[in-house]
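Notes follow once the structure below has been shown.
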Amino acid sequence: MNIIINGKTEKLENVRTIEDIVAHYDLLAKPIVVEADGVVLTREQWASTDVREESRVELVHFVGGG
């Protein structure tokens, strides 16, 4: 399935939900914000939010530092 991740088209297999995408990038344990098709999702919504061909997903993770 082709999904647009942070503005770049990615071909991901075996993903059905936002949670699957976050897991694919090994970000489940990280403090991140996810936006799917223009809607910011809470972590509780990830497993119930389906993705489809050409979904637009933004994954924003925070990096500490000074």
Side-chain angles (χ1 to χ4, degrees):
M1 176 183 315
N2 291 317
I3 299 173
I4 302 166
I5 307 286
N6 293 350
K8 181 179 174 188
T9 301
E10 301 280 347
K11 186 168 184 68
L12 303 180
E13 302 297 332
N14 301 319
V15 295
R16 188 181 62 80
T17 66
I18 291 297
E19 186 171 76
D20 295 336
I21 292 172
V22 174
H24 174 82
Y25 289 102
D26 198 25
L27 296 171
L28 284 173
K30 309 251 177 165
I32 65 169
V33 173
V34 178
E35 178 186 295
D37 295 319
V39 177
V40 176
L41 303 173
T42 64
R43 187 172 289 261
E44 291 76 23
Q45 293 174 301
W46 295 355
S48 62
T49 302
D50 292 333
V51 292
R52 56 181 163 49
E53 185 76 17
E54 300 295 327
S55 283
R56 292 183 173 272
V57 177
E58 298 289 328
L59 303 173
V60 179
H61 59 97
F62 302 98
V63 177

Starting from [Y], can I reach [X] by hopping between I/L/V/M/F/W/Y residues whose side chains sit under 4.5 Å apart?
X	Y	value
V33	V22	no
Y25	F62	no
V39	V60	no
L27	V15	yes

Side-chain heavy atoms of [X] within contact of [Y], under 4.5 Å:
X	Y	value
I32	W46	yes
V34	V57	yes
T17	T49	no

Check residues 2-11 and write down every donor-acceptor pair under 3.5 Å in which the side-chain atom is one partner and the other belongs to a residue at least two apart or another chain.
unit_1: N2; atom_1: ND2; unit_2: E53; atom_2: OE2; d: 3.2
unit_1: N6; atom_1: OD1; unit_2: L59; atom_2: N; d: 2.7
unit_1: N6; atom_1: ND2; unit_2: L59; atom_2: O; d: 3.2

Nearest 0.5 Å, what's the [atom1]-[atom2] distance between [X] and [Y]?
X	Y	atom1	atom2	value
S55	R52	OG	CZ	4.5 Å
D37	E54	CG	CD	10.5 Å
E13	D20	CD	CG	12.5 Å
R16	D50	CZ	CG	5.0 Å

Worksheet entry | For H24, all residues meeting side chain to side chain contact (heavy atoms under 4.5 Å, CB included), sequence neighbours excluded |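 With sequence neighbours excluded, H24 shows a side chain to side chain contact (heavy atoms under 4.5 Å, CB included) to L12, given in chain and number order.
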Fill in: Residues which pass side-chain hydrogen bond (donor to acceptor under 3.5 Å, both in side chains) with R56, listed by chain and number, not counting sequence neighbours
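Partners of R56 by the side-chain hydrogen bond (donor to acceptor under 3.5 Å, both in side chains) criterion come out as none, since no residue qualifies.
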Worksheet item: Which pair of non-hydrogen atoms, one from K30 and one from R43, has the smallest distance, and what is that distance?
Response: O-NH2, 2.9 Å
